[in-house]
Amino acid sequence: GVCHFASLMTWVGRDAGLRVEARVRHDFANVPDIPREHGTSIYADPGESLNEQNQNLYIENTLDEPVRIVFNYENSILTVAVYK
């Protein structure tokens with residue numbers, strides 16, 4: 001679910017050269033189709049703001065130009081691309 005999506009975004013962001021801060025790794029379980037080094041655990045608990053801050057995913061564009069992250073889902077295949 002959300003950890004799978006966060007792990008995908010971590011992978012895409014790192015490959016694109018963006019600054020990625022993922023404080024909690026998803027080491028406790030395999031994330032299907034995601035290399036282990038990009039596994040990211042995120043969590044939200046509406047009364048625990050400190051926990052939420054520690055388990056957020058932050059992606060920052062540190063490049064000299066704007067980027068677009070484009071998702072395409074076609075024929076049961078999801079592709080994600082980052083364009084400058």
Side-chain angles (χ1 to χ4, degrees):
V2 294
C3 290
H4 200 149
F5 185 72
S7 298
L8 176 63
M9 292 305 300
T10 297
W11 185 9
V12 168
R14 287 176 177 160
D15 273 6
L18 306 176
R19 188 181 76 78
V20 176
E21 182 179 346
R23 296 180 182 171
V24 181
R25 295 181 51 83
H26 203 282
D27 287 342
F28 55 89
N30 179 46
V31 180
D33 302 317
I34 303 290
R36 196 163 198 75
E37 66 268 18
H38 300 302
T40 301
S41 178
I42 61 173
Y43 180 75
D45 183 359
E48 299 291 329
S49 63
L50 180 60
N51 190 40
E52 288 180 13
Q53 291 172 7
N54 288 331
Q55 284 197 252
N56 281 342
L57 169 65
Y58 301 94
I59 300 175
E60 179 183 357
N61 180 9
T62 55
L63 304 176
D64 292 334
E65 55 194 311
V67 298
R68 289 182 305 129
I69 300 174
V70 178
F71 299 85
N72 185 40
Y73 185 72
E74 190 173 323
N75 299 323
S76 298
I77 298 173
L78 174 65
T79 57
V80 184
V82 178
Y83 298 101
K84 295 179 187 180

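What you are looking at is a predicted structure, and each value in this text was computed from that prediction instead of being measured.
Leu18 and Phe5 end up in the same hydrophobic cluster when Ile, Leu, Val, Met, Phe, Trp and Tyr side chains are linked at under 4.5 Å. Neither Val70 nor Leu8 shares a network with the other; the hydrophobic side chains, linked directly or stepwise wherever heavy atoms of I, L, V, M, F, W or Y lie under 4.5 Å apart, form separate groups for each. Using a 4.5 Å cut-off between side-chain heavy atoms of Ile, Leu, Val, Met, Phe, Trp and Tyr, with links allowed through other members, Val24 and Ile59 fall into different hydrophobic clusters. Transitive grouping of hydrophobic side chains (ILVMFWY, heavy atoms separated by less than 4.5 Å) brings Val20 and Val2 into a common cluster. By the criterion of side-chain heavy atoms lying less than 4.5 angstrom apart, applied directly or through intervening Ile, Leu, Val, Met, Phe, Trp or Tyr residues, Leu78 is grouped together with Ile69 in one hydrophobic cluster.
Screening residues 6-25 for ring-ring contact (aromatic ring centres under 6.0 Å, His included) gives Trp11-His38 as the qualifying pairs, with residues at least two apart or on separate chains. Pairs engaging residues 60-84 under the side-chain hydrogen bond (donor to acceptor under 3.5 Å, both in side chains) rule: Arg19-Glu60 [sequence neighbours left out].
Considering only residues two or more places apart in sequence or on other chains, His26 meets the side chain to side chain donor-acceptor pair (under 3.5 Å) condition with none of them. A search for side chain to side chain donor-acceptor pair (under 3.5 Å) contacts involving Thr10 returns Thr40, not counting sequence neighbours. Taking Arg36 as the reference, nothing meets the salt bridge (charged side-chain N to carboxylate O under 4.0 Å, His left out) condition, with sequence neighbours excluded. Partners of Asp33 according to the side chain to side chain donor-acceptor pair (under 3.5 Å) rule, which considers only residues two or more places apart in sequence or in another chain, do not exist here.
To the nearest 0.5 Å, the span separating CE on Met9 from CG on Leu57 amounts to 7.5 Å. Separating the CD1 atom in Ile42 from the CZ atom in Arg23 is a distance of 13.5 Å, to the nearest 0.5 Å.
Summarising the geometry of Cys3 relative to Ser41, their closest heavy-atom pair is SG-CA, 3.8 Å, with the distance given to 0.1 Å. Of all non-hydrogen atoms in Gly17 and Leu63, the two that sit nearest each other are O-CD2, 4.0 Å. Nearest heavy-atom pair across Val31 and Ser7 is CG2-OG, 3.9 Å.
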